[in-house]
Amino acid sequence: MQNRRTAARLAVSATFGAFLLALAPVPVAQAAPGAASGAAAEILPHRAVYKMSLLSARNSSKVSDVRGRMMFEWADACDGWTTEQRFQLRFVYAEGDEMAMNTNYTTWEAKDGLRYRFNVRKLINGEVDEEVRGEARLEKDGTGSANFTKPEAQEMKLPDATMFPTAHTLAILDHAGAGDNFFNRIVFDGADAEGATEVSTVIGKGDTVKEDGTDPLLKGKKGWPVRMAFFPLKSDAAQPEYEMSLRLLQNGVAESMQIDYGDFTVNAILEKVEALPKSGC
């Protein structure tokens, strides 16, 4: 069911959503696989909690309400980055039905961007709905493959110049810092067995967080409005599967997010952020 796929995809879309310009893309330098990111030096390992709710819905939408929370954790594991996302969401449908979804999504990604491990577990109304697990590797010549152990064993060739999620986030920050407004990449996140996704990113003008009462971890940090559009490579649709708008700070913290599925949009507001202990590397 499309509703269920939409709901399930929401639970892993917040690491990476989007606005496509009708103009030709601005050419920008593309980092080779394994290249270091300048943005990585400023990343704050952190744990953030977001309140999620329905921002808007069209009259034709089958979703009438969304409520819940997301915990996102980004940690420094010395040789790599680890991320964990935990969602507790309740969807209410126009017909009156409800669906409770709990998702745990954990990853490890080498700092050179060449190796990646992923594990996703989704529960619908308390019952396991889907489990995805595996690892992927990229070669320095741009080729790569992913090996799944769940939901079933399979090997998948990745498109040339694929990136993994953390490398993609760091690339957004690198492009933002360089004043590049647009770039397009293929990203593999392992969120499901459908394969890689083309992500078109538009970056707006940055400014500094100055509001009184702002958390010390955020105040004084530069941030950029970022909009992303997600196009599954296995789909021929002209429109993105979903879009995401967020305000991304230079230290890797997302101040806010809106995830737009066309007929409804979910809002995520940062409630709490805390720094994680340093790895001691």
Side-chain angles (χ1 to χ4, degrees), residues 8-17 31-37 39-40 43-48 70-87 101-123 128-173 185-199 228 230 232-234 252 254 276-281:
R9 190 66 196 180
L10 171 60
V12 289
S13 62
T15 17
F16 326 109
S37 165
I43 292 302
L44 171 72
H46 66 278
R47 180 183 297 114
M70 175 186 75
M71 186 283 295
F72 175 75
E73 184 175 292
W74 186 351
D76 187 342
C78 296
D79 60 340
W81 301 103
T82 62
T83 67
E84 180 177 4
Q85 295 178 69
R86 292 201 302 266
F87 286 81
M101 183 177 67
N102 292 271
T103 303
N104 191 17
Y105 174 42
T106 59
T107 72
W108 175 90
E109 185 175 328
K111 287 185 176 178
D112 62 7
L114 298 178
R115 291 173 295 151
Y116 181 60
R117 295 193 295 268
F118 51 93
N119 190 350
V120 185
R121 192 168 190 263
K122 306 170 187 174
L123 279 73
V128 176
D129 181 69
E130 185 179 13
E131 289 187 271
V132 183
R133 183 180 300 169
E135 58 184 29
R137 178 181 292 272
L138 301 174
E139 304 299 333
K140 290 189 176 181
D141 64 2
T143 62
S145 63
N147 288 276
F148 292 81
T149 56
K150 288 187 177 182
E152 60 184 22
Q154 69 165 312
E155 182 175 359
M156 177 186 296
K157 184 179 183 300
L158 298 177
D160 290 351
T162 294
M163 301 183 81
F164 298 136
T166 300
H168 184 252
T169 300
L170 294 173
I172 291 174
L173 291 169
R185 293 305 298 263
I186 294 173
V187 179
F188 175 81
D189 62 12
D192 54 38
E194 296 300 311
T197 300
E198 183 178 357
V199 184
M228 296 180 283
F230 295 77
L233 295 183
K234 291 186 177 181
L276 293 177
K278 293 185 178 180
S279 62
C281 301

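Here, residue 1 is the first one in the sequence, and each next residue gets the next number.
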**Study point:** Gap separating the CE atom of Met163 from the CD1 atom of Ile186, nearest 0.5 angstrom
**Key:** 11.5 Å
Exercise for review: List the steps and the verdict of side-chain contact (heavy atoms from CB on, under 4.5 Å) for Thr169 and Ile43.
Suggested key: CA-CA 11 Å; Thr169 300; Ile43 292 302; over 6 Å; no
Review point. Do Thr106 and Thr82 have side-chain heavy atoms sitting under 4.5 Å apart?
Key: no
Check your understanding: If we only count heavy atoms from C-beta on, is the Thr83 to Pro165 side-chain gap below 4.5 Å?
Key -> no
Review point. In Å and rounded to the nearest 0.5 Å, what is the CD to OH distance from Glu109 to Tyr116?
Key: 6.5 Å
Exercise for review: Check whether any side-chain heavy atom of Phe188 sits under 4.5 Å from a side-chain heavy atom of Phe118, and report yes or no.
Suggested key: yes
Check your understanding: Taking side chain as C-beta onward, heavy atoms only, is Val132 less than 4.5 Å from Phe148?
Key -> yes
Exercise for review: Apply side-chain contact (heavy atoms from CB on, under 4.5 Å) to Gln85 and Thr103, showing your working.
Suggested key: CA-CA 8 Å; Gln85 295 178 69; Thr103 303; over 6 Å; no
**Study point:** Side-chain heavy-atom pair Arg47, Met71 within 4.5 angstrom cut-off
**Key:** yes
Review point. Between Leu158 and Leu138, is any pair of side-chain heavy atoms under 4.5 Å apart?
Key: yes
Review point. Looking at residues at least two apart in the chain, or sitting in another chain, which of them share a salt bridge (Lys or Arg N to Asp or Glu O under 4.0 Å) with Arg137?
Key: none
**Study point:** From Thr197 atom OG1 to Leu233 atom CG, the distance as rounded to the nearest 0.5 Å
**Key:** 6.5 Å
Point to revise | By side-chain contact (heavy atoms from CB on, under 4.5 Å) - contacts of Lys150 (at least two apart) | key: Glu131, Arg133
Review point. For Arg86, what residues pass the salt bridge (Lys or Arg N to Asp or Glu O under 4.0 Å) criterion, not counting sequence neighbours?
Key: Glu84
Exercise for review: Dump the intermediate steps for side-chain contact (heavy atoms from CB on, under 4.5 Å) on Glu130 and Val120, then the final yes or no.
Suggested key: CA-CA 8 Å; Glu130 185 179 13; Val120 185; over 6 Å; no
List, one per line, each side-chain donor-acceptor pair under 3.5 Å for residues 74-81, sequence neighbours excluded.
from: Asp76; atom 1: OD1; to: Cys78; atom 2: N; distance (Å): 2.9
from: Asp76; atom 1: OD1; to: Lys111; atom 2: NZ; distance (Å): 2.7
from: Asp76; atom 1: OD2; to: Lys111; atom 2: NZ; distance (Å): 3.2

Check your understanding: side-chain contact (heavy atoms from CB on, under 4.5 Å) with Ser145: which residues, sequence neighbours excluded?
Key -> Asn147, Glu155
Check your understanding: Are Lys140 and Leu114 side-chain neighbours, meaning at least one heavy-atom pair lies under 4.5 Å?
Key -> yes
Exercise for review: Under the side chain to side chain donor-acceptor pair (under 3.5 Å) rule, collect the residues that match up with Glu198, sequence neighbours excluded.
Suggested key: Asn184
Exercise for review: Evaluate the side-chain proximity of Glu135 to Trp108: yes if any heavy-atom separation is below 4.5 Å, no if none is.
Suggested key: no
Point to revise | Shortest non-hydrogen separation from Glu194 to Asp192 and the atoms involved | key: N-OD1, 3.0 Å
Practice item. To the nearest 0.5 angstrom, please state how far the CG atom of Asn119 sits from the CG atom of Asn104. Key: 7.5 Å
